[in-house]
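These notes are about the structure you will find just below.
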There are 2 protein chains.
Amino acid sequence: MTDINTAKGSGEGPSKDPIDRMAPDVGLPSAVALERLTPVVELIFFAYRDFTSESDAVLEAYGFGRAHHRVLHFVTWRSGLRVADLLETLRITKQSLARVLKKLVDRGFIVQEAGAADRRERRLYPTLEGRKLAEQLRALQTRRIAAALGEIEPAGQAAALGFLLALTAQPDRAGLAQMLADCGMTPSRPMTETRVR
Amino acid sequence: MTDINTAKGSGEGPSKDPIDRMAPDVGLPSAVALERLTPVVELIFFAYRDFTSESDAVLEAYGFGRAHHRVLHFVTWRSGLRVADLLETLRITKQSLARVLKKLVDRGFIVQEAGAADRRERRLYPTLEGRKLAEQLRALQTRRIAAALGEIEPAGQAAALGFLLALTAQPDRAGLAQMLADCGMTPSRPMTETRVR
DNA sequence: TATTTATGTCAGTCATGTTGACTAATTAGG
DNA sequence: CCTAATTAGTCAACATGACTGACATAAATA
């Protein structure tokens with residue numbers, strides 16, 4: 001666990017590697033100082049736990065779980081995607097998806113139709129009911145996000161998104177950054193080619 | 001050390017409802033505009049998914065899962081806590097915890113000892129091996145966090161933490177904010193109704 | 001036509017969450 | 001001092017959502 005043993009107190013050196021040039025204020029030399037970030041690990045845990053709690057409660061009333069939420073979300077807001085896209089996005093196996101997707105289809109929240117160009121593909125779409133639930137869940141989540149953004153200084157909002165984007169692994173960054181930009185949500189320091197790790 | 005909060009002189013607005021006065025830049029009126037935040041929902045999903053992926057891989061080699069990680073984390077970094085504290089923190093049931101905790105104890109990563117004042121209590125402590133694993137996992141996570149903080153403007157780092165703190169529900173905010181402050185990580189606009197200090 | 005691709009499905013396993021009931025040890029209150 | 005409440009451990013049973021591996025089917029492609 002200690003590949004970070006490079007410089008330590010080196011205050012204002014030229015910063016190249018992201019791991020070395022961090023947080024002047026939130027202060028981060030390099031080696032030992034990483035442990036100062038321990039509470040941030042917990043912060044992320046608590047934030048995610050609470051971010052999902054509201055929608056989880058709604059889902060429960062429908063007899064769905066978080067897995068159904070994820071599927072319904074992407075099918076609704078990236079309407080027309082294929083099963084393969086969903087597998088790639090969620091990083092789960094076909095069988096895991098099948099169980100969840102089947103339930104959503106059986107219960108009338110999602111419909112499948114063969115692709116126009118390639119009829120092996122099943123394009124996925126929400127039904128009216130599916131869209132309604134997806135909207136309800138989105139409302140809960142975006143409301144919480146909006147409230148949280150409202151609690152920080154406007155100047156820092158782009159940075160907050162930039163931080164989350166930087167936590168995300170490369171393969172998904174570009175698409176996310178594009179989506180954010182399309183919605184007028186420009187993260188600070190967008191997709192800098194970073195090989196974290 | 002708190003000089004980050006001075007960023008931009010926009011701080012003195014007539015702040016009303018958090019949901020109404022948000023994001024001039026990241027722009028947020030109120031009603032319909034919430035749907036512009038949809039990609040942020042996905043951003044949070046991807047960020048969390050990728051944030052946990054590295055440590056999950058290490059855990060797998062030990063035959064542990066994310067549940068064990070959470071327990072080991074809190075037992076190590078809040079050493080000496082009681083079972084009841086853990087239940088409260090993780091928001092799981094006694095039985096869920098028992099299975100995971102028992103495995104960690106049986107495998108020699110955690111020890112329990114009766115509380116000094118109240119001998120019904122079982123205070124939890126990591127063994128040497130437990131601490132080693134916890135350190136390894138923490139290193140992975142803090143390294144990723146540090147890299148992500150390094151990718152945004154220093155001025156925005158406090159805001160990024162403030163955003164996550166704002167996503168967290170009240171009960172846990174105070175303690176988190178205190179921990180962050182103790183480590184020199186001051187989130188911007190800390191706790192609204194949570195006076196610590 | 002033969003192969004590859006996209007999807008669906010069967011069968012079984014594992015991890016982690018749940019409930020409810022019960023025991024044991026210890027402390028606290030009347 | 002004896003009963004209450006508290007803290008923790010445990011059993012049995014169950015649900016969800018991951019996983020693997022094997023196999024089926026339809027459609028596109030070489």
Side-chain angles (χ1 to χ4, degrees), chain A residues 45 48-49 52-53 55-75 80-107 110-125, chain B residues 45 48-49 52-53 55-75 80-107 110-125:
Chain A
F45 166 71
Y48 193 77
R49 183 196 67 179
T52 55
S53 63
S55 39
D56 283 353
V58 170
L59 288 159
E60 200 180 4
Y62 283 81
F64 292 136
R66 208 177 285 176
H68 301 90
H69 185 182
R70 292 192 284 258
V71 170
L72 182 60
H73 175 98
F74 286 108
V75 167
L81 45 42
R82 300 166 305 154
V83 169
D85 300 324
L86 217 33
L87 292 176
E88 171 57 25
T89 301
L90 302 177
R91 302 253 177 95
I92 58 176
T93 58
K94 201 171 28 161
Q95 296 69 20
S96 296
L97 175 59
R99 204 182 316 105
V100 170
L101 183 55
K102 191 174 191 310
K103 185 168 180 178
L104 284 163
V105 169
D106 289 349
R107 302 256 317 259
I110 286 178
V111 287
Q112 302 165 292
E113 50 180 77
D118 185 337
R119 297 192 15 206
R120 286 171 305 182
E121 296 173 350
R122 297 300 159 91
R123 313 309 283 229
L124 304 171
Y125 303 92
Chain B
F45 166 70
Y48 193 77
R49 183 197 66 181
T52 55
S53 63
S55 39
D56 283 352
V58 170
L59 288 159
E60 200 180 2
Y62 284 80
F64 291 136
R66 209 177 286 176
H68 302 91
H69 184 184
R70 291 192 285 258
V71 170
L72 182 61
H73 174 98
F74 287 107
V75 167
L81 45 41
R82 300 166 305 151
V83 169
D85 299 325
L86 216 34
L87 292 177
E88 171 58 25
T89 301
L90 302 176
R91 302 255 176 94
I92 59 176
T93 58
K94 201 172 25 161
Q95 295 69 21
S96 294
L97 176 59
R99 208 182 308 110
V100 170
L101 183 55
K102 190 174 191 309
K103 185 168 180 179
L104 285 163
V105 170
D106 289 348
R107 302 256 317 259
I110 286 179
V111 288
Q112 301 163 292
E113 50 181 76
D118 185 337
R119 296 188 18 205
R120 288 170 303 183
E121 296 172 350
R122 297 301 159 90
R123 314 306 285 228
L124 304 171
Y125 302 91

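What you see below is based on every heavy atom in this structure, not just the backbone, and it leaves out hydrogens, waters and symmetry mates. Order of the sequence lines fixes the chain letters, A, B, ..., with proteins taken first and strands second; residue numbering starts at 1 for each chain.
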Exercise for review: Please give the nucleotide sitting opposite C/dG30 as a Watson-Crick or G-U wobble pair, both distances under 3.5 Å, or none.
Suggested key: D/dC1

Check your understanding: Salt bridge check: are A/Asp106 and A/Lys103 linked by an N-O gap of less than 4.0 Å?
Key -> no

Exercise for review: May I have the step-by-step check of side-chain contact (heavy atoms from CB on, under 4.5 Å) for A/Ile92 and A/Val100, ending in yes or no?
Suggested key: CA-CA 11 Å; A/Ile92 58 176; A/Val100 170; over 6 Å; no

Review point. Tell me, do B/Leu124 and B/Val71 make a side-chain contact under 4.5 Å, heavy atoms counted?
Key: no

Review point. Are any non-hydrogen side-chain atoms of B/Arg82 and B/Arg122 less than 4.5 angstrom apart?
Key: no

Study note, to complete from the structure: Axis-to-axis angle across the helix from C/dT1-D/dA30 to C/dT26-D/dA5, five pairs each end, nearest 10 degrees, ~ 20°

Revision key, fill the gap. First and last nt of DNA chain C near chain A, cut-off under 4.0 Å to heavy atoms, 5' to 3', are C/dT5 to C/dC10

Check your understanding: Under 30°, 30 to 60°, or over 60°: which ring-plane class applies to A/Phe64 and A/Tyr62, parallel, tilted or perpendicular?
Key -> parallel

Study note, to complete from the structure: Within residues 62-73 of chain A, those residues having any heavy atom closer than 4.0 Å to DNA chain D are A/Gly65, A/Arg66, A/Ala67, A/His68, A/Arg70

Review point. Which of residues 88-104 of chain A have a heavy atom under 4.0 Å from DNA chain D?
Key: A/Arg91, A/Ile92, A/Thr93, A/Gln95, A/Ser96, A/Arg99

Review point. What residues form a salt bridge (charged side-chain N to carboxylate O under 4.0 Å, His left out) with B/Arg66, not counting sequence neighbours?
Key: B/Asp56

Check your understanding: Quick one: salt bridge (charged side-chain N to carboxylate O under 4.0 Å, His left out) partners of A/Arg70, sequence neighbours excluded?
Key -> none

Hey, what do you get for [atom1] ([X]) to [atom2] ([Y]), rounding to the nearest 0.5 Å?
X	Y	atom1	atom2	result
B/Phe45	A/Thr52	CZ	OG1	12.0 Å
A/Gln112	A/Leu104	CD	CG	10.0 Å
B/Glu88	B/Leu81	CD	CG	12.0 Å

Practice item. Mind telling me if D/dA4 is syn or anti? Syn here is a glycosidic angle within 90° of 0. Key: syn

Review point. If only atom types and distance count, is the side chain of A/Arg49 paired as donor or acceptor with the main-chain N or O of B/Thr89 below 3.5 Å?
Key: yes

Review point. Taking atom P of D/dA26 as reference, at what distance in whole Å does atom CD of A/Glu113 sit?
Key: 20 Å

Check your understanding: Taking atom C1' of D/dT7 as reference, at what distance in whole Å does atom CG of B/Leu81 sit?
Key -> 15 Å

Review point. Between B/Asp118 and A/Arg119, which has a closest nucleotide on DNA chain D that is more 5'?
Key: B/Asp118

Review point. Taking the nucleotide of DNA chain D with the closest heavy atom to each, which residue, A/Ala117 or B/Arg122, is nearer the 5' end?
Key: B/Arg122

Exercise for review: Using a heavy-atom cut-off of under 4.0 Å over every strand shown, decide if B/Glu60 touches base, sugar-phosphate, or nothing.
Suggested key: nothing

Check your understanding: Is the number of heavy atoms from other residues, nucleotides or ligands under 6.0 Å of A/Gln95 CD greater than 12?
Key -> yes

**Study point:** Non-hydrogen atoms of B/Val75 and B/Ile110 that approach each other most closely
**Key:** CG2-CD1, 3.9 Å

